[in-house]
Each structure stands twice: as C-alpha cells, then as structure tokens.
Amino acid sequence: MTLHFWIVKVLTTGMGETASDFLAHRLGPLPAVGLAGVALAASLTLQLLARQYLAWVYWTAIVLVSVFGTMAADVLHVGLGVPYPVSTAFFVAALAAVFGCWYAAERTLSMHSIRTRRRELFYWAAVLATFALGTATGDMTAVTLHLGYLSSGVAFAALIAVPAVGFRLLRWNGIFAFWFAYVVTRPLGASFADWMGVSRARGGLGLGTGPVSLVLLVLIVGLVGRLAATRKDVEPQARHAAGRTR
C-alpha cells in the first residue's frame, strides 16, 4: 500500500505540472486559474462531505490541488515577477505556518490522526502549501540554478531517498519522514514531467504538455481504480465497518 501511495502521488505531481502549463497556454493564465480554482473548491467540498475515505474522491482532490498549487507558484513568478528563490522561501514560511497552527491546535501532525473536520482542513492546507513549495523549488533548481529539468529530477530522486533511509535505518520520527518525502515528491514528479513535455530547445524531450498530461492521467486513473476495487488503501477496521453496513 505504501508503494501504491507514493507512485500515485508522484504521478499526480507530474500531471499537475504539465496540465497547469497546458491549460495556461490554451485558455490563458486568468481563465486557467479560475477554472482550476472552481474545480478544486468542488472537489474539496466533495471530499469534506464524504463520510468515509473514497479513493477516487481523495485522489481527484489531490490532482486538482496539484494543478492549482502549480498555478499559485507560477503566478508569483510569471505574473508578479517574484524570483524563484524568494517564492520558495515564501512557501516554506507558509508551510511552516500551517504546520505550526496545526500542531498548536491538535498537538499532532500525524496522517493517522486525521479523523475530525478541523484536522482535515489543516491537512489540505498543508497539502496545497507543499505543492506550491515543490513547484517553486523545482523551477528554482531547473532554471535559477541552471540544472535543467532532467538533472533536477535526478537530484530530487536522490533526495527522496533521505527520509526513507532516515526512517528505516536511523529511526527518524515517522511524521517528519512522511512530510519530508511528501514535499520532495512534488519537484521530483514535476521535474521529470517538465523534461518530457518541454521543447528540446529548453532541454526536454518535446513530447508536449498535453500528451504527457494525458498519459499521466491514464496511469493515475488505472492505479486509483485498482485501489478503489481492492480497497487495499482502507484501514482494516474501516473495511470491516463498511462491510457491516452493506
């Protein structure tokens, strides 16, 4: 189940990056942001109204957070001219503020403790901040630091091994390791997706943001469909309770 989660998470980060670019170029920045914002609000409303975890509802919200988070980071740089290092620092501060308020109110940041509306709201605020932070960070390494998209992707692939090793071998705190990896998945997936989608002149494969987004969407739908069918991502007690109510 852990492997499934991280694979789908990385796929959503890549799709969010290329889908955001595709929509912005096809519709224009303002209409694209407006459309993504409305879709995100609808998906989060559906998620918050759900009485139990539903794979397709949850991952739809994650995909739309990915798209909107990318646009939020891009607006700061492209629309307002904020340099990537500055926007990265801003989103670090925003994420730290969310975590600080969450911990002050609930005394935990654990994924497994999200069983109230307030904790879920904190969770989605943190998720949105991680996507925006990851977007700004990935663009900073690729553009500002001149690593390019492929080299950035390789660097983040190495970086995401740090919390895995820290948790497995060095007995890092599980909550810290989880959120460390959660943040890194964003620039990891986005860097490789950008590399596949952007033109050869920009150091990519030139496949196009539309086709790359479509392929990633198909993979996400397939994996989430499998989770919905097998319910492997549902805690045993929840599966048992659901079975009793049917």
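Predicted, not measured: the structure shown is a model, and the values here were computed from it. Along the sequence shown, residues carry numbers from 1.
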Non-hydrogen atoms of A19 and V67 that approach each other most closely = CB-CG2, 4.2 Å
List the steps, then state whether side chain to side chain contact (heavy atoms under 4.5 Å, CB included) holds for V65 with F68.
-> CA-CA 5 Å; V65 167; F68 189 80; 6.0 Å; no
Looking only at heavy atoms, what is the nearest atom pair of L27 and P31, with distance?
-> O-CG, 3.3 Å
So do the side chains of L46 and T60 get within less than 4.5 Å of each other, counting heavy atoms only?
-> no
Does any N or O in the side chain of W195 come within less than 3.5 Å of the main-chain N or O of G153, such that one atom is a donor and the other an acceptor?
-> no
d(T116 OG1, E106 CD) to nearest 0.5 Å is 5.0 Å
Going by heavy atoms in the side chains, are T13 and F192 under 4.5 Å from each other?
-> no
Could you tell me whether the side chain of V183 reaches within less than 4.5 Å of the side chain of F131, counting heavy atoms only?
-> no
Give a yes-or-no answer on whether the side chains of S213 and T18 include a donor-acceptor pair shorter than 3.5 Å.
-> yes
Closest heavy-atom contact between A136 and F91?
-> CB-CD1, 4.1 Å
Take L219 and I7 through the side chain to side chain contact (heavy atoms under 4.5 Å, CB included) test and state the conclusion after the steps.
-> CA-CA 10 Å; L219 292 173; I7 289 175; over 6 Å; no
Shared hydrophobic cluster for F90 and V98 (ILVMFWY, side-chain gaps under 4.5 Å) | no
Without swapping roles, check the side chain of S66 against the backbone of I62 for a donor-acceptor pair under 3.5 Å.
-> no
Output yes when a side-chain donor or acceptor of S151 lies under 3.5 Å from a complementary backbone atom of G148, and no otherwise.
-> no
Spell out, as yes or no, whether a donor-acceptor pair under 3.5 Å connects the side chain of W179 to the backbone of L109.
-> yes
Going through the distances and angles, do V224 and Y58 end up as a side chain to side chain contact (heavy atoms under 4.5 Å, CB included)?
-> CA-CA 10 Å; V224 172; Y58 173 81; over 6 Å; no
Give, for atom CD of E17 and atom CG of L216, the distance between the pair rounded to the nearest 0.5 Å.
-> 11.0 Å
Single-linkage hydrophobic cluster M71~V198, side-chain heavy atoms < 4.5 angstrom | yes
4.5 Å side-chain heavy-atom contact, P85 and T144 | yes
Check the angle between the aromatic planes of Y182 and Y123 and answer parallel, tilted or perpendicular using the 30° and 60° thresholds.
-> perpendicular
Test side chain to side chain contact (heavy atoms under 4.5 Å, CB included) applied to E120 and R115, step by step | CA-CA 7 Å; E120 189 170 9; R115 302 182 186 279; over 6 Å; no
In a check of side chain to side chain contact (heavy atoms under 4.5 Å, CB included) between Y149 and each of T141, V143, V154, L205, which one passes?
-> V143
Distance (rounded to the nearest 0.5 Å) between R226 CZ and H4 NE2 | 4.0 Å
Compare every heavy atom of P163 with every heavy atom of W172, then report the nearest pair and how far apart it is.
-> CZ3-CA, 3.8 Å
Closest heavy-atom pair and its distance - W102, R119 = CZ2-O, 4.2 Å
Would you say D139 and H77 make side-chain contact, with heavy atoms under 4.5 Å?
-> no
Taken to the nearest 0.5 Å, the spacing of S87 OG from D74 CG works out to 9.0 Å
In the single-linkage hydrophobic clustering (I, L, V, M, F, W, Y; side-chain heavy atoms under 4.5 Å), do I220 and L214 co-cluster?
-> no
May I ask you to decide if the ring planes of F178 and W6 are parallel, tilted or perpendicular, using 30° and 60° as cut-offs?
-> tilted
Output for pair (W59 CH2, L227 CG), nearest 0.5 Å, gives 8.0 Å
Report the distance from atom CG of L145 to atom OG of S152, rounding to the nearest 0.5 Å.
-> 7.5 Å
Group every Ile, Leu, Val, Met, Phe, Trp and Tyr by side-chain heavy-atom contacts under 4.5 Å, then state whether V63 and V38 land in the same group.
-> no
Closest non-hydrogen contact found for I114 with S110 is CG1-O, 3.7 Å
When clusters are formed by joining ILVMFWY residues with side-chain heavy atoms under 4.5 Å apart, either directly or through shared neighbours, do Y84 and L147 land in the same one?
-> no
Side chains of T108 and I175: closer than 4.5 Å at any heavy-atom pair?
-> yes
